[in-house]
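We're numbering straight along the sequence, starting at 1. The structure presented is a predicted model; accordingly, all values stated were derived computationally and were not measured.
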Amino acid sequence: MKKNPQGKWWRRLDNTGKIFPLIANENLSNVFRITATLKEDVRPELLQRALEDVLPHFEGFQVKLKRGFFWYYFESNKRTPLIEQESGYPCRYIDPKSNQLFLFRVSYYKHRIHFEVFHAVTDGMGAVLFIRALVTRYLQLKRGDVQELKPMPEENAVEPEDSYLKNYRKLPKKRYSSERAVQLGGEELELGAENVIHGKVKVPELKAVCKRYGVSITKYLAACLIWSIYEEYLEGQPCDRHIGVNLPINLRAFFGSRTMSNFFAVTAIDFKPDEAHMAFERILELVSGQMDEKIVKEKLEETISYNVSNEKKWYVRIIPLCVKWAALGFIFRRNDRAHTITLSNIGPISVDEEYRDEVEGFHLIIGVSRQQPVKCGICSYGEDMVISFTTVFADARLQRRFFGKLEGDGVKAQFESNGIAMPEADQKNYPEIGYDISKWKKLVWIFYAVLAAAAVIVGVVNLATYSGLWWSVIAIFGIAYAGLTMRYSILRHANLGKSLMIETLGMAVLLLVTDHVLGYQGWSVNYGIPSIILFADIAIVFLILVNRMNWQSYFMYQIAITLFSFIPIALWAAGFITQPVMAIITVILSVLILTMTVLLGDRRVKNELIRRFHL
């Protein structure tokens, strides 16, 4: 790292890492998780100490993200990261402001330790090194070894260098394909839920099958995945679009790098079905041929050259960050549509021999996105390999087809789920978030009934205070708009609280503009904005009740809405509001609702306030 004029240490993001802060949001978290499963339940106090002991040895992770004028950059973070008990779905968006500004999250649940990290910091191999060190230190402390942690072994003592720049050389231009691939569909889960299914298989059985076919494990699994999509979603019929598998390749072995930063390349494995029910062997032959052709040093050098050359262009470098955010976001979404699914195999994970009996295994989970609603992560430990699917769909059709293919070839799987799909495989190793589809649908209809009642109340208030203007028509239209937003935006895979805040502010602005266009009469500030704030308050309570296990996600939005409710009171004091009835009702109800949340939340509310505001 370098020092800035204020004496703080900082460094640039690596070539790949630069893109992730520009595209990350609640719908595309760019977060992945590596989990260590132990033989005994985790002791939180020891895990916290282990994290504090290990982090100083990983300089690349002890950072916070800062916004520059042209690019984001990392600055050293001297705060202390806090572990937490898992209470939500995996690979959620990491909000640095609520995470001591760190870009990773360490959590636990029963006998599992989870390490989740934002992809701008590192890739799979860097995360593996970190969780290995964390688990080793935890087990040392558990055994009573409280001596100060020694420097990391030589093989782990690596720098967060940008190996892309180090291995860059100018080559002929190459472009990524943006031809639209087959997109998977299904009944989407609501409330930001994720469906997780693990299949544990025996490596010797898998190797025997791969030997029979004459291919590597990754080639075989990629072909099985393509065949499963082909048969399950296309029903084995020809299609004018291709099935695209996004295959990340670790570049360290090809270029001799030991960096902890990102150093991988994405290889696209495509299959375009041009005839009905093509044999699996034919698909495997095509997949194997593509991987042999593309996963060689020369082709990977072309990928590095293309990516780095774009960064080096002078006109790209001088573009302000806000413009890059819009432009690169568009380019990424356009290129991402060329992929159907991501398959990431980070290979075997090991621990020192003296700790092997205390570790049951590891698994990899990758955060999903709108363009790729299903992703697959693979890793192995000893003779066990865990193949993990994450998806926003409520079904398990692809997973059943995939593992059915493996079983047909002689590779049996032991299943585990988080209870959303394959409930029979739920081993209670994930927190019960209370996702009940039938209950949720009933609550949604109750919510719509509340909206209808609010529309009636607004109409009655307008009638009782009629002064020549039927402002309630516009307010009711706004309530209807809010209902549609709930149905088609908030209820989808998104950050509900943030969406609600944006919609509330947007509707307030819309009411003000409409009032002015009609020849300002004050109904927007007298009745419209207080009504919208009151609606938002009720909506936040609704979300807290439905998602009680993860209520903290909405608590800060409830505080913000309560603060917003005082704005009409301030406008009344300033003389802008002439009819304060709705403003007074709104602020009283908002304060009462917040007070009830604090009283019912008891100690958890205090902990949340400390975590958010560092009191």
Side-chain angles (χ1 to χ4, degrees), residues 29-55 58 61 81-96 98-100 102-119 121-139 141-142 192-198 200 344 346 349 351 355 358-368 375-379 381 386-390 416-420 426-433 549-550 552-553 611:
S29 69
N30 286 302
V31 172
F32 65 94
R33 167 194 284 193
I34 299 181
T35 293
T37 302
L38 307 182
K39 297 290 181 65
E40 297 180 359
D41 285 354
V42 175
R43 294 168 58 181
E45 70 282 1
L46 295 184
L47 181 59
Q48 178 65 47
R49 180 169 177 183
L51 177 59
E52 294 174 14
D53 289 349
V54 165
L55 186 58
F58 289 84
F61 291 9
L82 302 176
I83 68 166
E84 58 186 42
Q85 184 174 9
E86 184 183 20
S87 60
Y89 294 102
C91 301
R92 291 173 291 119
Y93 176 72
I94 295 178
D95 181 4
S98 63
N99 195 46
Q100 300 285 48
F102 287 101
L103 302 170
F104 65 85
R105 180 190 298 124
V106 174
S107 62
Y108 66 94
Y109 192 77
K110 293 185 178 180
H111 58 300
R112 286 181 171 171
I113 297 175
H114 307 297
F115 176 62
E116 296 181 334
V117 61
F118 183 41
H119 227 319
V121 176
T122 190
D123 57 15
M125 296 311 299
V128 166
L129 291 177
F130 186 87
I131 196 167
R132 281 178 53 191
L134 179 64
V135 169
T136 298
R137 183 55 176 167
Y138 169 81
L139 294 175
L141 295 174
K142 182 172 173 288
E194 284 191 1
N195 174 7
V196 180
I197 293 177
H198 307 286
K200 182 189 291 186
S344 180
I346 60 174
I349 301 177
V351 296
Y355 302 112
E358 299 179 65
V359 179
E360 186 176 305
F362 293 86
H363 64 251
L364 167 69
I365 292 178
I366 310 173
V368 293
K375 293 190 179 182
C376 180
I378 304 171
C379 68
Y381 177 74
V386 180
I387 304 171
S388 304
F389 284 88
T390 45
E416 179 188 351
S417 78
N418 65 342
I420 292 180
D426 185 5
Q427 300 178 17
K428 306 301 180 183
N429 288 324
Y430 287 90
E432 294 184 7
I433 304 178
M549 289 294 294
N550 196 28
Q552 298 95 330
S553 299
R611 188 168 75 91

Between Leu38 and Val359, does a side-chain contact (heavy atoms from CB on, under 4.5 Å) hold up when you go through it step by step?
CA-CA 4 Å; Leu38 307 182; Val359 179; 4.1 Å; yes
Could you walk me through whether Tyr108 and Gln85 pass the side-chain contact (heavy atoms from CB on, under 4.5 Å) check?
CA-CA 5 Å; Tyr108 66 94; Gln85 184 174 9; 3.7 Å; yes
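- Residues Val106 and Pro81 form no side-chain contact, since every pair of their non-hydrogen atoms from C-beta on lies 4.5 Å or further apart.
- Side chain of Arg112 to main chain of Tyr109: no donor-acceptor pair is present (N/O by atom type, distance under 3.5 Å, no hydrogens or angles).
- The aromatic rings of His198 and Tyr430 lie parallel to each other, their planes meeting at an angle below 30°, with 60° marking the opposite boundary.
- Applying the side chain to side chain contact (heavy atoms under 4.5 Å, CB included) test between Ile113 and each of Ile83, Thr37, Leu47 identifies Leu47 as the sole match.
- Going from atom CG of Leu134 over to atom CG of Leu129 covers 12.5 Å, rounded to the nearest 0.5 Å.
- Asp95 contributes atom CG, which lies 10.5 Å from atom CG of Leu103 (distance to the nearest 0.5 angstrom).
- Nearest heavy-atom pair, Pro90 versus Val196, reported as atom, atom and distance to 0.1 Å: CG-CG2, 4.0 Å.
- Contact detail for Ile131 and Ala36: the closest heavy-atom pair is CD1-N, 3.9 Å.
- For the pairing with Glu40, the side chain to side chain donor-acceptor pair (under 3.5 Å) check across Lys142, His111, Lys110 returns one residue only, Lys142.
- Between Gly88 and Pro431 the shortest heavy-atom distance is O-CG, 4.0 Å.
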Would you please test Ile420 and Tyr89 for side-chain contact (heavy atoms from CB on, under 4.5 Å) and show each step?
CA-CA 11 Å; Ile420 292 180; Tyr89 294 102; 3.9 Å; yes
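- Atoms OH and OG1, from Tyr355 and Thr136 in turn, are 6.5 Å apart once rounded to the nearest 0.5 Å.
- No side-chain heavy atom of Tyr138 sits under 4.5 Å from any side-chain heavy atom of Val54.
- Note that CD of Glu116 is 12.0 Å distant from CZ of Phe104, once rounded to the nearest 0.5 Å.
- Relative orientation of the Phe61 and Phe115 rings is parallel, given thresholds of 30° and 60° on the angle between their planes.
- With hydrogens and angles ignored, the 3.5 Å screen pairs a side-chain donor or acceptor of Arg105 with a backbone N or O of Tyr93.
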Begin from the C-alpha positions of Tyr381 and Val351 and carry the test side-chain contact (heavy atoms from CB on, under 4.5 Å) through to its verdict.
CA-CA 9 Å; Tyr381 177 74; Val351 296; 3.5 Å; yes
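- Nearest heavy atoms, His363 versus Val386: CB-CG1, 3.6 Å.
- The OG atom of Ser344 sits 5.5 Å away from the CG atom of Leu364 when rounded to the nearest 0.5 Å.
- Annotation: the span from Phe130 atom CZ to Thr122 atom OG1 amounts to 10.5 Å, rounded to 0.5 Å.
- The shortest non-hydrogen separation linking Glu86 to His114 is OE1-NE2, 3.1 Å.
- Within 6.0 Å of CD on Glu45 lie more than 12 heavy atoms contributed by other residues, nucleotides or ligands.
- Evaluated for a side chain to side chain contact (heavy atoms under 4.5 Å, CB included) with Arg49, the options Asp53, Leu46, Leu51 yield exactly one hit, Asp53.
- Every residue meeting the side-chain contact (heavy atoms from CB on, under 4.5 Å) condition with Ser417, not counting sequence neighbours, appears here in chain and number order: Ile197, Met422, Ala425, Asp426.
- Ile34 approaches Gly124 most closely through the heavy-atom pair CD1-O, 3.9 Å.
- Partner of Asn195 under the side chain to side chain contact (heavy atoms under 4.5 Å, CB included) criterion, chosen from Val368, Thr390, Asn418: Asn418.
- A donor-acceptor pair is defined here as one N or O able to donate and one able to accept, closer than 3.5 Å; no such pair exists between the side chain of Ser388 and the backbone of Ile365.
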